[in-house]
Each structure stands twice: as structure tokens, then as C-alpha cells.
Protein chains: 2
Amino acid sequence: MDDRTGHRTVPQTNLRSATRYGTRPTMKDVAARAGVGLKTVSRVVNGEPGVTPETERRVQEAIEALGFRRNDSARVLRKGRTASIGLVLEDLADPFYGPLSRSVEEVARAHGALLINGSSAEDPEREQELVLALCARRVDGLVVIPAGDDHRYLEPELKAGVATVFVDRPAGHIDADVVLSDNFGGARDGVAHLVAHGHRRIGFIGDMPRIHTAAERLRGYRAAMEDAGIPVADSWMSLGVTDPERVRRAAEEMLTGRDPVTAIFAANNRVTVTVIRVLAEQARRVALVGFDDIELADLLQPGVTVVAQDAAAIGRTAAERLFRQLDGTLVTPERIELPTRLITRGSGELPPAD
Amino acid sequence: MDDRTGHRTVPQTNLRSATRYGTRPTMKDVAARAGVGLKTVSRVVNGEPGVTPETERRVQEAIEALGFRRNDSARVLRKGRTASIGLVLEDLADPFYGPLSRSVEEVARAHGALLINGSSAEDPEREQELVLALCARRVDGLVVIPAGDDHRYLEPELKAGVATVFVDRPAGHIDADVVLSDNFGGARDGVAHLVAHGHRRIGFIGDMPRIHTAAERLRGYRAAMEDAGIPVADSWMSLGVTDPERVRRAAEEMLTGRDPVTAIFAANNRVTVTVIRVLAEQARRVALVGFDDIELADLLQPGVTVVAQDAAAIGRTAAERLFRQLDGTLVTPERIELPTRLITRGSGELPPAD
DNA sequence: TAGAGCCTGGACAACGTTGTCAGGCTCGGG
DNA sequence: CCCGAGCCTGACAACGTTGTCCAGGCTCTA
């Protein structure tokens, strides 16, 4: 670690400024070329009044000629607001987050803001790292799908006025807006639907209960079973499995065990997909209800019955609350639960086949 | 599990609203509190050498106590680089862009950069608007899935050293890196696959030929037909339709017209999905090959044969080139075509049924 | 024609950070 | 005991923009 000498950056800078990084023109350059003052250029760039059409034309011409582009870093430094919001989610590649992300962006755009986003990959540390990086960039607001369960690190940010809305799961140990689906009610309804079609031995496959949504859906499952007066066997529940390999094993065990299930409730879309594959290989027809809609679910044989969340609505609601926080219209943090919708397509209406 | 109300405790609300727009602490504040100079704080924050452990401790304490977070806008203004790259794509909600976006982010993360992204919604004007907004924020680089076909507006940016890689379609009127799939070859292979299974009357449904990918795929279709010595009837081609309603009509016309097709080549994933629906309603078995893979394609009856693009590889390649441009390792713009892969699942292997 | 008021344009400071550079301290050797 | 070397530390300028404020020229009216 011989880092005493400070000569490490010099040659590269030289090379780069020679070839790649030609300094960009500044307002000063534009002003010089147009033969006007610095502030006049600023006025033209920002469409402020008080500039003669003729002067404006000259300035525009200089801007065009030099390829000037305002430096928003300097602008932000001066003005305080960045007109950008951050979105931290679990995985951009997950189909649930596409529409969500899109609807957040749509609202941001309507408010003239840009969207910066990142994936936490379900890693609390990475979530914090990302969120703090966004705060360092002084985003005006944050939409966070939490990976961790302690968000006290956000306290200084909230105090500093960073609008914050959590999505899909509540924040841990701080008081903030949350927008989520009615996971409990949705799961309960989905399982009740199976019960209504005659099932009693119903399996549940879901994520680790330390994840809020997973816990809520499990709670919904238990509630529906209890409402129906059905005692739940431990072998019907598989918690904390999410990778296809283990979901497959879990499903197969439920189907062939000592007390085989006649129906499965799959607590999220990834699980559902794997279960569909497993069921397709079975001779026996097993009923299935999944939480989260999946594309082409209606074209499968049978169509997949699901408890659908409205990802776009969730994103929109969250983003709108965020901007209302920024307006000052909103002060008190709230928890907003959006309803889910049971979509029957066949797989959830199959009768029990022992 | 007895937290069914989920009601919050609200002790901090007033505190938060009171200090809503409270100015954030700066290094100056930290310096004052720690009883050290401004620059010393800067050194601690940036992990620069030359600070006594004792001094560092005092500074860290002050940082903690004040909830200080470095203001990256000021930092960027001083240093020139933002450590962020922009990604402009067509629609975040499109399943093709999820993995692409994710892999770009992954590479960015490996280089310590954040990802800012936006959707152009296929609107050239909006694309330009977005790109320029990103440039104003001084992103170090841009990954662009072009909507428009003239990108001369980017010339000043390129000259100023903004690394730029186009994806999926080449840039218009400027010389820049492009990473895309072998659309021509993929489509040709897909259609040839149908020919090999005995089809001669093969339909083509795709986007407007002014879109590069659509044009290339159409060219592949024509090439395959010509190779097979099959003259193409105009009624077999439907160009420029992409919304489900019109795709449906187009497909139905091809299937019932005077010279009905026995197979369809669907030139993108949205078209494929709609065609699947239409074919499911037909008595006659019609063969289908789609461009772009779709989820669960293997579970349908029959499985959907597709020409698959590797979205993740495209994103990764593009992002890596971008960072190599920033390194100075790369200078000459190139066009990189990634191969596609024909995945046979059944629908493309059906024999002609007249 | 002079004075008042308006309109346009520019000088200057400030935003929060980092690079430069110089000053003060400690410590060891002469 | 003094001096130089080496290490810490802090004062200061600069990054590019915007807000404030003032100067000068114009028009309009009395």
C-alpha cells in the first residue's frame, strides 16, 4: 500500500483531455460567442423573460454552433432540487416490476422528473448502498421496494425532506408511506376459492416468512383454512423455497407424500411457473391458484387461475403520493392497501382428484 | 402472527414536517462540529490518506451525528465525471427489456456506476428529449435503443466524450457502436425451418419496415422464400401492424383468404402472442415460428417454436463496450451482431394442413 | 426637454465539493 | 540545541449555474 505519491491520475487525464474529453462549452463560452453577458445566456436557456428577440436569436445561434448543453449538476447545486426520483426494486428482470417501474416513470415524467433506478437483488446491504447513493445524488424522492427490514438509516434523509414511499412491503422501524396489495385478503380469497371447489388438502408454497408479502400470504392461507375448519398439516406447507429446483421438489413431495394434496396455492409468480411445469407432468389433475398474474396464463391447458395484483396501479399510486409529499399536500404517512382480483381460468376450478 | 391491523405509530410526523425543507448538513457543518478544517472532512469522506485515526474518529462521529451525506452534484461539478450511465429504451414493461436493462445495470454496478433510465415509447421526439436530459445531467455514457432514425443531435455529445452504444437498431446518420441481434439471419433460419417442414404458403406479420429490426426480419423472410424458390404473395405479408386487434385481423385474413397460409412467421414477441391466441381458435393446425422467446412457450399446446434473442447478452455486450470506450480502450465504432438461436418446441414442426 | 419609469443586460456572490499549496507540528540526526 | 524532513492540517480558488442587484438606455408624459 505505497500510496504516498499523488502522481497516479496525471497521465490519464492528459491523454483523455487530448482525445476524448474535450471540455464542453459553458454558458460563458456561449456568452462570449454571442457577444452578450453570462446571465443573458442563462435567461435564454431557461426561457426567462426580459430578452430581446434579436438577442435571443444570437444566443440560440451560439448555443447551436457550440453544441452547448446546460450542466445540470451546477444547476442542481444552485437550485437544490434535482427533478429526479429514485426507484429501488428487487429485480428489473422480474415481470412484476416492469409495469410497476413503467408506471412510476410515467408519473415522474408528468412531473418533469427523471427516474434513476437500481436493483437490490433482495440484499438489504445492497438496498442501503443504492438508496444512499441516490440520496447523495440528491434525488427529490425515493420509491423503495424494501429488501431489508430496518430503514432507520433513512432518518436523516426523511428529515432533510426526501420524499419517500415504500412499495410492496412496509418500512422497518421508521414511519413512512407504504403502498401494497392486500396480500392477506388476496391469498385468503384464493385459498377459499379452492375450498369452495371441494378441496380440503391444499398445499402452500411460498417464500421465507421474514419477507412481509410471504408472511401475509401465508397468513391468508391459514385464515382461509381455519375459516373452513380444516386443520393444516405441516407437510402441506413449504416456506422459503423460491429457486425452481427446490420448488419442484417441494411440489412433488406434497403430491406424493403420505397425505397428498389435491390443490396447490402458489404464493408468487416464480413459484407458480414452476408448479405449472410440475403439474403438467402429473397423471392426476391437481388444482392450482397462483398469486400474481402471469403472461399467457389463459392459453395454458387448463388456464391458470390467479390472484392478480395491479402492478401498474401500485406504481402509480406510490409515485403520486411521492409527488404529493413534495408538493406539501401530504404530511401524514399512511398505509395504502390495493385490492387484488381473482381471475378464474380453469386450474382453480378443477375438482379434487384423489 | 397477531399484527393484523398494521397500524402505525406516529411520533415523528411533526418533526418531519417541521424540518421538511431543512437544509442538509454540509462538510462545513461537519468540520465545525468536529473542530477540524473543511478539507480534512473531505479527506475522511473520500478515504484519502493523511488523517490521524483520532481526527478521523472525531469526523466520523460528527458525520454520524449530523446525518451528513456528501452532495454528489457538487462533487460532479468539481470532478467532471458522474459515475452514472443512461439507458433509453422503448418500454420498460416489455419483457424483452427487463433482462436487457438488468444486465446493463449489472455491468454498470461492476464499474461503480448508477443507471438512469427512461422509456421513449417509440417516439423519436421523446427519445431525443430523454437523451438530452441525460446529457444535461452529464451521464458518462449512454445506451440507447433508438426510436428515431436521425441521431445527429448527438454529435456535440460524442465530441464531448459521452460514450455511446446503440442497441437493437443502428444509429441514424452518425458513426457509433451498435450491438444487435442477427435479425436477418434469425428470420431467414426461422422461415427456412418452416420450409424444411414442407410449408410453402408462409405468412409474415411484423412491424413497419421503417423500423430496422422489422425490415431486417422481413428481408430474412424474403431471402428464405427466395432460397426455396417460392414466390411470395402480397396477401401473405402484413407490415406495420402491432396492436393486438389489427394483428388478429391480419392473421385471420391470411388464414381464410384466397390463398390461405399453412404457417405463420411472427416477427416479434407481441405479434407472436396474439397469433397464438388466433391459432388456438382455429380448427386447422397452423404452424408458427416467432421471433423473440416468450415465457412459458414450452408449456403451451403445441410448444411455441421461436427464434430467440439473448437480451441479457446484448445488454451486457453493449454496457461493456460502453465502459471500454470510457477507459479509452475502444476507439473505432463497430457493429456487433449477436447470433440468434432457433428453439424448436412443436409449433414450428407441424406439417402443412390445407 | 427633462424627469420618471420600464426594459434589457451584466457584474458578482453563492451553492458544496475537491485540488493546490503552504504552514505548523513532531521527530531524529548533526 | 538547531535544522531539515516528513506528516497533518487548513486556507483558498475553482467547477458552471442561478439569484440579486444595479447601470444604462429607452419610451412616455408633463
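Residue numbers start from 1 in every chain, and the chains themselves are labelled A, B, ... in the order their sequence lines are given, proteins ahead of strands. Just so we're clear, the structure is a prediction, and the values are computed from it rather than from any experiment.
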Select one nucleotide: of [options], the one nearest the side-chain heavy atoms of [X].
{"X": "Thr26(B)", "options": "dT18(D), dT18(C), dT17(C)", "answer": "dT17(C)"}
{"X": "Asn71(A)", "options": "dT17(C), dG16(D), dT9(D)", "answer": "dG16(D)"}
{"X": "Thr55(A)", "options": "dT8(C), dC15(C), dG19(C)", "answer": "dT8(C)"}
{"X": "Leu38(A)", "options": "dG19(D), dT17(D), dG16(C)", "answer": "dT17(D)"}
{"X": "Thr40(A)", "options": "dT18(D), dG10(C), dT8(C)", "answer": "dG10(C)"}
{"X": "Val51(A)", "options": "dG9(C), dC8(D), dG19(C)", "answer": "dG9(C)"}
{"X": "Ala74(B)", "options": "dT17(C), dG10(C), dG16(D)", "answer": "dT17(C)"}
{"X": "Arg70(B)", "options": "dG19(C), dT17(C), dG9(C)", "answer": "dT17(C)"}

With no angle test and no hydrogens, is the base of [N] tied to the side chain of [X] by a donor-acceptor pair under 3.5 Å?
{"X": "Lys28(A)", "N": "dG16(D)", "answer": "no"}
{"X": "Arg43(B)", "N": "dG10(D)", "answer": "yes"}
{"X": "Arg75(B)", "N": "dT17(C)", "answer": "no"}

- [ ] Write down the atom of Ala74(B), the atom of Leu77(A), and the distance for their closest heavy-atom approach.
- [x] CB-CD1, 3.8 Å

TODO: Determine the minimum heavy-atom distance between Glu155(B) and His173(B), stating which atoms define it.
DONE: OE2-O, 4.4 Å

Protein-nucleotide distance ([X], atom [atom1]; [N], atom [atom2]), rounded to Å:
{"X": "Arg78(B)", "N": "dG16(D)", "atom1": "CZ", "atom2": "P", "answer": "10 Å"}
{"X": "Glu54(A)", "N": "dG25(D)", "atom1": "CD", "atom2": "P", "answer": "19 Å"}
{"X": "Met27(B)", "N": "dA11(D)", "atom1": "CE", "atom2": "C1'", "answer": "16 Å"}
{"X": "Arg69(B)", "N": "dT17(C)", "atom1": "CZ", "atom2": "P", "answer": "13 Å"}
{"X": "Lys39(B)", "N": "dG16(C)", "atom1": "NZ", "atom2": "C1'", "answer": "13 Å"}
{"X": "Arg137(A)", "N": "dG16(C)", "atom1": "CZ", "atom2": "P", "answer": "18 Å"}
{"X": "Phe68(B)", "N": "dG16(C)", "atom1": "CZ", "atom2": "P", "answer": "10 Å"}
{"X": "Glu48(B)", "N": "dC7(D)", "atom1": "CD", "atom2": "C1'", "answer": "15 Å"}

Open item on the list: At 4.0 Å (heavy atoms only), tell me whether Asp72(B) reaches a base, stays on the sugar-phosphate, or touches nothing.
Closed with: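 Contact class for Asp72(B): none.
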
- [ ] Would you mind classifying the nucleic acid contact of Val36(B) as base, sugar-phosphate or nothing, using non-hydrogen atoms under 4.0 angstrom?
- [x]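 It contacts sugar-phosphate atoms only.
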
TODO: Using the closest heavy atom to pick a nucleotide of DNA chain D for each, name whichever of Pro25(A) or Gly37(B) lands nearer the 5' end.
DONE: Gly37(B)

Task: SB check Arg102(B) Glu106(B) (cutoff 4.0 Å) - done: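 Salt bridge: yes.
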
Open item on the list: Tell me whether Glu129(A) is salt-bridged to Arg126(A), with the criterion being a basic N under 4.0 Å from an acidic carboxylate O.
Closed with: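 Between Arg126(A) and Glu129(A) there is no salt bridge, as every charged N stays at least 4.0 Å from the carboxylate O atoms.
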
Task: Below 4.0 Å: OP1/OP2 of dG19(D) and any side-chain N or O of Ser42(A) - done: no

Task: Matching residue for His212(B) among Leu180(B), Asp168(B), Asp149(B) - test: side-chain contact (heavy atoms from CB on, under 4.5 Å) - done: Leu180(B)

TODO: Evaluate the side-chain hydrogen bond (donor to acceptor under 3.5 Å, both in side chains) criterion for residues Thr164(A) and Glu157(A): first the C-alpha distance (whole Å), next the side-chain angles of each, then the deciding distance (0.1 Å), finally the verdict.
DONE: CA-CA 9 Å; Thr164(A) 307; Glu157(A) 319 301 331; over 6 Å; no

